[in-house]
Amino acid sequence: MAVRHEVENLIRRGNIFYWRPRIPAAFVHCRPGSRLSLSLHCSDHRKAQIIGRKLNTRLAELKMNSKEAMSTKKQLQILFEHVRDEEIERLDDISTMAKRNGRGGDVVEMELDLEVGWACQLLAKFGTRSELSLEGACPGLTYLLKNGVPTPHVDAIRANYRGELSTARGPGFEDGIRRLIYHFEIEDTALNRERAMSKMFEGRAAALLDIDKRHDLVDRTLSEFTGGGRASKSVVEEKPVEVEPAAAFSLGLAKESKPASTATDIPQEAEIAYLDLPPRPATARKASPKPQEAEQRVVAVSEFEQECEKLIANMGDEWTAETGRDAMALVRMFKSVLVEQGVEHSGQIEQYHIGLLRQHFNDIPTDWGRSSRMRFLSAPELRAKGHELRKAAETSGTKAKVGLAAGTIRKHFGNLQHFLKHLKGHGFEIEDWTFEGLRPRKPKAGEIRRQQYKPTPQDIAPIFASPLYRGSRGHLRGQRREPGKHVFHDSLYYLPILFTYLGPRRKEFAGLTVNDIAKDEEGYVIILRTNSLRRLKTAQSERLLPMPCEMVRLGFIDYLQAIKKLGYEALFPDLFSDKTENDPGNRFYDTFIPVMRGALGDKMWNRSIHALRHGMADTLKQAGVSPEVIDDISGRLSEGSETNTRYTNPAGLPLMRSALKHYPIITSTIEPKPLQLLPWIENKQPPPWAREGKK
């Protein structure tokens, strides 16, 4: 038990002291009322008092001034370096393409960079509120000429300056600045936004004006920027800061006052503005296809699937078989895109190729993964198939099923990130990559709530009036939907009742064994645990659930004993094949969806079976049942409460039984029928739907 001490926020647990202050309301990004918890790793009460008082003082200082000026300067400098390095990477790409097109030593390419660079430097110096004409006595023109910019290039700089200024005054520019300073943890004030804007243009200017490495093939005597007796070194060098910022946007850096000059007063030896640029790291050497010749080893694209198999093996129990299959499908798709682009090994993968994969997701059939034929098509063939579907949809006036959903793309990028980290972790050469701007954003909580329809008991009731429960023509798949005199007891009969009243995941109940049903003092119990037929999704998925009374009334116990007597391990053997490895949840989905569609007609909702899980939870919530108890019934873990996650066990069977009584009985119209198993189950024959395959 924690014991409070004499010093505020200091408590003792056992022999160890902890500092547990309440987070001040000034820290708006923290939840109101939350606390910090810090172990002081000491049992001496005098030492703990000293540390506690110091921490309390420091917390008070942060509360009064959470953003220190010196910290902001450092963060702005980091922001500047980030923008500069990004711009250098972009320019390196442009320079590489220029060399590819035979313009590697073209002086025009270098002068274009310098003209844009000086335009950005003007915006960094003078801000975006004033508009420079770069004519006559304009201070911007004076600044350019003072720094040795040739007069013939002023017109081009003016055009670039006006273009950049128009962009900076656009509606989305300030939002971009806000996102940038938030990323670098800078306080969002008008002053800091102006400082960040200045640093951003300063960083771009630094990158554009640093031409030594990027344009090393250019003959400097051909350009007025670098010829005519001026030094042939880069206009911007990596030296300590000697910046002359505008007074309104000063960052508090040291300044050296200099006399203003006029347009005609051009110095013979131009003074150069130096920026605080840390040395840029040398670019890495290109990887060689042969590991012994490369600085780092590479893996051939043709071996990606073998590497993915190693990744799946490494993940072990953390990944389900379905997750492993999804990862392998993604790797095969990525491999096809790389082969299409002529990439031979991991050292040649660039950010560009990840962007191509993102566009590939938009152009392939939505259901490509459900077709065994399409899963083996190459990237160009898949996109061609998507193009065919689009043309057919335009002709028929319908919406083409082309392009993966945002959630699916997020899942694929998660698997790709795992795979690339696997390669990098094993020493294979992989360039740095980012998924920013590619991965669809995660939907907000309010949007998630609206994504899934939550059927009410009245919405579900028509299912239990279908021929499945009143009598069907026969036991075959199509005959179960037609009226008749036969009522068969199998997964189609019992699972919809369980899904309605208990809201489990589909595979949890489809993969039950006969040994997962037990009995306590108050009734029958379903034991959800990992078994030989399937594993569970999470640790909290393991739970005990009370058997609905309606299941017992409708003969489930007789069914259980009959299945046991026949020697089956699976509680619902009609969902399993003796010839192939199949997912029992998917098998139930394929057979039950036509039944639902026949019973509900136009009122059929999306994600039909999973919606039953949402419907159960919503019905109990509207009846006043605690969300924590609903989560325990559903096999979820409520977050945000330490009491619920750490200090208490899941709801017990008596509490669950009490909560489930709030769900109305909607199966009372079903009349119990004598037990009748499917003929092929009773005769222990292979299922009629099974096909030859790997077991």
Side-chain angles (χ1 to χ4, degrees), residues 72-73 75-94 111-147 149 153-211 235-236 241 243-253 255 273 275-277 436-437:
T72 300
K73 290 180 184 178
Q75 289 163 323
L76 285 168
Q77 180 65 18
I78 295 172
L79 183 151
F80 160 75
E81 294 169 4
H82 167 77
V83 173
R84 177 206 61 190
D85 292 342
E86 276 197 341
E87 185 70 10
I88 287 176
E89 289 181 8
R90 187 183 72 86
L91 293 170
D92 284 344
D93 291 342
I94 295 174
E111 290 184 336
L112 288 173
D113 280 0
L114 293 174
E115 288 164 356
V116 179
W118 282 112
C120 291
Q121 189 74 350
L122 288 174
L123 287 167
K125 293 292 182 182
F126 296 95
T128 60
R129 300 295 180 182
S130 60
E131 186 166 352
L132 304 175
S133 65
L134 300 186
E135 296 176 350
C138 174
L141 178 61
T142 302
Y143 173 79
L144 293 176
L145 297 177
K146 182 179 179 181
N147 282 280
V149 175
H153 289 275
V154 171
D155 288 340
I157 294 173
R158 182 189 299 112
N160 283 294
Y161 167 79
R162 288 174 177 171
E164 295 288 343
L165 182 63
S166 176
T167 301
R169 290 178 174 179
F173 184 80
E174 187 163 352
D175 290 339
I177 292 293
R178 288 178 186 273
R179 289 193 296 269
L180 196 61
I181 64 176
Y182 175 80
H183 178 73
F184 286 92
E185 299 180 350
I186 301 172
E187 188 177 9
D188 188 3
T189 64
L191 181 59
N192 280 340
R193 287 198 295 274
E194 192 66 37
R195 288 169 170 168
M197 181 278 299
S198 179
K199 281 293 183 182
M200 191 192 75
F201 280 114
E202 194 176 329
R204 287 192 60 200
L208 288 157
L209 299 177
D210 184 11
I211 59 173
V235 181
V236 179
V241 115
V243 193
E244 189 180 359
F249 310 128
S250 172
L251 298 177
L253 305 175
K255 297 191 295 182
L275 299 176
D276 181 14
L277 305 183
E436 291 184 15

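Keep in mind that this is a model prediction, so the values were computed, not measured.
- The heavy-atom pair separating Ala124 from Ser198 by the smallest distance is O-OG, 2.9 Å.
- Applying the side-chain contact (heavy atoms from CB on, under 4.5 Å) criterion to Ser133, with sequence neighbours excluded, gives Glu135, Cys138.
- Here CD of Gln121 is found 11.0 Å from CD1 of Ile157. Values are rounded to the nearest 0.5 Å.
- When every heavy atom of Leu141 is checked against every heavy atom of Gly136, the shortest pair comes out as CD2-O, 3.6 Å.
- Just one of Leu165, Leu208, Leu112, Val116 meets the side chain to side chain contact (heavy atoms under 4.5 Å, CB included) condition when paired with Asn160; it is Val116.
- Separating the CZ atom in Arg158 from the CG atom in Leu144 is a distance of 10.0 Å, to the nearest 0.5 Å.
- Residues meeting the salt bridge (charged side-chain N to carboxylate O under 4.0 Å, His left out) test with Glu164, sequence neighbours left out: Arg204.
- Looking only at side-chain heavy atoms (C-beta outward), Tyr143 and Lys146 stay at 4.5 Å or farther from each other.
- Counting all heavy atoms, side chain and backbone alike, Gly140 lies closest to Leu132 at CA-CD1, 3.9 Å.
- Side-chain atoms of Tyr161 never come within 3.5 Å of backbone atoms of Leu122 as a donor-acceptor pair (strictly under, hydrogens ignored).
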